[in-house]
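Just follow the structure's listing: the first ligand is 1, and inside any ligand the first atom is 1. The structure displayed is predicted, hence computed values, not measured ones.
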Amino acid sequence: MKKLVILGSTGNIGTQVLDVVNKYPKKLGVVGLAANNNFDLLLKQIKKYKPKAVAVPNEEEAEKLRKKVSVPVYSGENCLIKLTSISGYDTFINAVVGLVGIRATLNAIRRKKDIALANKETLVAAGEIVMREVKKHKVKLMPIDSEHSALFQCLNGEKRSEVHRLIITCSGGALWKKTKEELKSVTVDDALNHATWNMGNKITIDCATQMNKGFEVIEAMWLYDMPIEKIDVVIHPQSVIHSMIEYSDGSIMAQMANPDMRLPIQYALSYPERWNAPIERMNFSKTLTFEEPDLNRFPCLKYALEAAKKGGTLPAVMNAANDFMVWKFLNKECKLMDIPNIVKRVMDSHKIIKRPTLEQIEKSIAEATKKAEEYFNKL
Ligand SMILES: NC(=O)c1ccc[n+]([C@@H]2O[C@H](COP(=O)([O-])OP(=O)(O)OC[C@H]3O[C@@H](n4cnc5c(N)ncnc54)[C@H](OP(=O)(O)O)[C@@H]3O)[C@@H](O)[C@H]2O)c1
């Protein structure tokens, strides 16, 4: 049985991980859970899965929980590190939103735990450090994302030297059909109205601005050790082809399935095996279409490609500014197009540190968040 510690168990990905656990109770077990505010759901999960330990950063929420359950509840700044330090698990799932899980992920790697990574911000901000540690400690890092799972499957058994390019598909997000003028006045509800995927709010806004696709390009660079020049993005609104690899001879391998995150989640946990379909099977009734990305209407993708090329601390800075602005947009405190504008200004004001340490990355993130706030206050 594979034993799991799940960071972000109450979220969109976390609850779907638990759906897969429910389907395979003899193959998967839960040893640790962590969440932030969703007290009721976390309480239900603790009662159902009986983990060895739980982590909740918020001290008050943790105290409330301690009164209801007998399992140890870690809280405060280091609670995620404490949770990843427990014994008796083999796979750490990072399904938290934002940058909070980086140190916990590194702690799990150093403890020789395999990683199933949904969280995008980890590789965007600290890809070089994380991949170095993965190699050093000889652990497996499996992607929990439809695109990176597709790339992984299409690369399986092939020679990396024969890869011509990675082609990452992009649904276009909820606003793909909007004109540049219309994008200036879209509402939060418009941006959250994604046609093919039902996800957490932060990532849905990142899809609407296409920053999410930029994150995925950066993640793919680290996961598959590919230069940015060998990674292309293609708009594919139906989200049926999850990504492709073009080889030197012109063959293109694609992975297809109905859009449902339980498939990449299950594959990350079952690999190298394939278990029975956790999703509805394809019936080929849809017409599949492809378009070029539009960096003029969706500048976040352009900025992410720039950050990927320049490297060092710039992707972490871009991510921090984006994080700050997306929550402001979700709180209806700014317009959608303020996100790319401020991200760009924060990136331009940053002096890149090449091959940064984790401390330098964290310092750059703090400075970028402060800068974004400064620019936001002057909007
Ligand atoms: N959703 C998708 O389809 C999808 C696909 C690919 C990749 N991803 C990536 O996966 C990550 C999670 O996305 P999501 O859509 O599942 O987000 P989500 O629904 O917002 O869930 C986020 C989870 O993180 C928890 N959390 C937030 N801050 C925390 C903290 N400080 N300590 C512990 N837990 C904390 C939340 O707890 P509470 O509920 O208690 O607040 C919740 O369980 C993101 O990086 C996203 O980009 C998502």
Side-chain angles (χ1 to χ4, degrees), residues 5-19 32-46 53-62 64-65 73-84 92-105 115-126 142-151 168 170-171 173 192 194 196-209 211-216 218-220 223 239 242-243 259-265 267-268 279 304 319 322-323 326-327 330:
V5 166
I6 308 168
L7 181 51
S9 64
T10 53
N12 181 285
I13 292 288
T15 51
Q16 294 186 81
V17 168
L18 291 170
D19 284 348
L33 296 171
N36 199 27
N37 291 315
N38 196 337
F39 175 86
D40 293 339
L41 182 56
L42 184 59
L43 183 61
K44 273 191 200 144
Q45 291 177 348
I46 296 169
V54 172
V56 180
N58 184 315
E59 301 279 6
E60 277 172 35
E61 294 294 320
K64 263 170 37 193
L65 210 52
V73 180
Y74 306 130
S75 56
E77 214 184 316
N78 287 323
C79 68
L80 304 181
I81 299 287
K82 281 189 195 150
L83 184 70
T84 45
F92 172 68
I93 301 182
N94 181 347
V96 78
V97 63
L99 292 155
V100 289
I102 297 182
R103 280 194 181 265
T105 305
I115 308 294
L117 189 63
N119 176 274
K120 307 215 165 187
E121 294 85 350
T122 299
L123 286 183
V124 171
M142 290 296 291
I144 292 189
D145 204 349
S146 53
E147 292 80 358
H148 302 101
S149 180
L151 294 172
I168 301 184
C170 171
S171 68
L192 286 177
H194 199 296
T196 49
W197 293 102
N198 172 21
M199 306 174 285
N201 285 352
K202 158 76 170 48
I203 183 177
T204 308
I205 300 303
D206 286 338
C207 285
T209 62
M211 178 58 95
N212 180 56
K213 214 41 57 178
F215 287 167
E216 289 175 4
I218 298 172
E219 287 181 278
L223 283 168
S239 304
H242 296 298
S243 278
D260 188 323
M261 281 306 294
R262 286 170 303 172
L263 177 55
I265 290 169
Y267 188 67
I279 63 168
N319 182 81
N322 181 67
D323 205 44
V326 169
W327 291 110
L330 278 166

Could you tell me the residue and atom name of the protein heavy atom closest to [atom], and the distance to it rounded to 0.1 Å?
atom                    : answer
atom 6 (C) of ligand 1  : Asp145 OD1, 3.2 Å
atom 2 (C) of ligand 1  : Ile13 CD1, 3.4 Å
atom 38 (P) of ligand 1 : Thr10 OG1, 3.2 Å
atom 21 (O) of ligand 1 : Gly11 CA, 3.2 Å
atom 32 (N) of ligand 1 : Pro57 CG, 3.2 Å
atom 35 (C) of ligand 1 : Val96 CG2, 3.2 Å
atom 41 (O) of ligand 1 : Asn37 N, 3.4 Å

**OP:** Tell me which part of Ile203 gets within contact of ligand 1: side chain, backbone, both or neither, using heavy atoms under 4.0 Å.
**Re:** side chain

Out of all atoms in ligand 1, which are within 4.0 Å of some heavy atom of [X]? Include the element for each.
X      : result
Asn12  : 1 (N), 2 (C), 3 (O), 14 (P), 15 (O), 16 (O), 18 (P), 19 (O), 21 (O)
Lys120 : 6 (C), 7 (C), 45 (O), 47 (O)
Asn38  : 38 (P), 39 (O), 40 (O)
Glu121 : 45 (O)
Val100 : 30 (C), 31 (N)

Original post:
What residue among Asp145, Ile144, Thr122 forms side-chain contact (heavy atoms from CB on, under 4.5 Å) with Leu117?
Top reply: Thr122

Subject >> Test applied, side-chain contact (heavy atoms from CB on, under 4.5 Å); reference residue, Glu121; option that passes from Val96, Leu99, Asn94 >> reply: Leu99

**OP:** Could you verify whether a donor N or O on one side chain and an acceptor N or O on the other, from Ser171 and His194, lie under 3.5 Å apart?
**Re:**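 Short answer, yes.
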
**OP:** Could you establish whether Ala95 and ligand 1 come within less than 4.0 Å of each other, counting only heavy atoms on the residue side?
**Re:**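 It does; at least one heavy atom falls under 4.0 Å.
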
Original post:
Can you find a non-hydrogen atom of Met261 under 4.0 Å from ligand 1?
Top reply: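 The answer is yes: ligand 1 sits under 4.0 Å from a heavy atom of Met261.
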
**OP:** Kindly determine whether Glu60 and Asn58 satisfy side-chain hydrogen bond (donor to acceptor under 3.5 Å, both in side chains), including the steps that lead there.
**Re:** CA-CA 6 Å; Glu60 277 172 35; Asn58 184 315; 5.9 Å; no

**OP:** Measure from the side-chain N and O atoms of Glu61 to the backbone N and O of Pro57, and report whether any donor-acceptor pair falls under 3.5 Å.
**Re:** no

Original post:
Is it the case that more than 12 heavy atoms not belonging to Lys64 sit under 6.0 Å from its NZ atom?
Top reply: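 Enclosed: over 12 neighbouring heavy atoms sit under 6.0 Å from NZ of Lys64.
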
**OP:** For atom CG of Asp19, decide whether the heavy atoms of other residues, nucleotides or ligands shown that lie under 6.0 angstrom number more than 12.
**Re:**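 Counting other residues, nucleotides and ligands, CG of Asp19 exceeds 12 neighbours.
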
**OP:** Take Asn201 and Thr204 through the test side-chain hydrogen bond (donor to acceptor under 3.5 Å, both in side chains) and record every step on the way to the result.
**Re:** CA-CA 5 Å; Asn201 285 352; Thr204 308; 5.3 Å; no

Which is closest to [atom] by heavy-atom distance: [options]?
atom                    : options                      : value
atom 15 (O) of ligand 1 : Pro143, Gly14, Ala34, Gly200 : Gly200
atom 10 (O) of ligand 1 : Ala118, Ser9, Ala104         : Ala118
atom 37 (O) of ligand 1 : Asn212, Asn36, Ile6, Val17   : Asn36

**OP:** For Tyr267, enumerate each residue passing the ring pair (Phe, Tyr, Trp, His ring centres under 6.0 Å) test, keeping only those at least two apart in sequence or located in another chain.
**Re:** Tyr271

Original post:
If you measure from CG on Asn37 to OG1 on Thr10, what distance do you get to the nearest 0.5 Å?
Top reply: 8.5 Å

Original post:
Less than 4.5 Å apart, any side-chain heavy atom of Leu65 and any of Leu42?
Top reply: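 Leu65 vs Leu42: side chains touch.
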
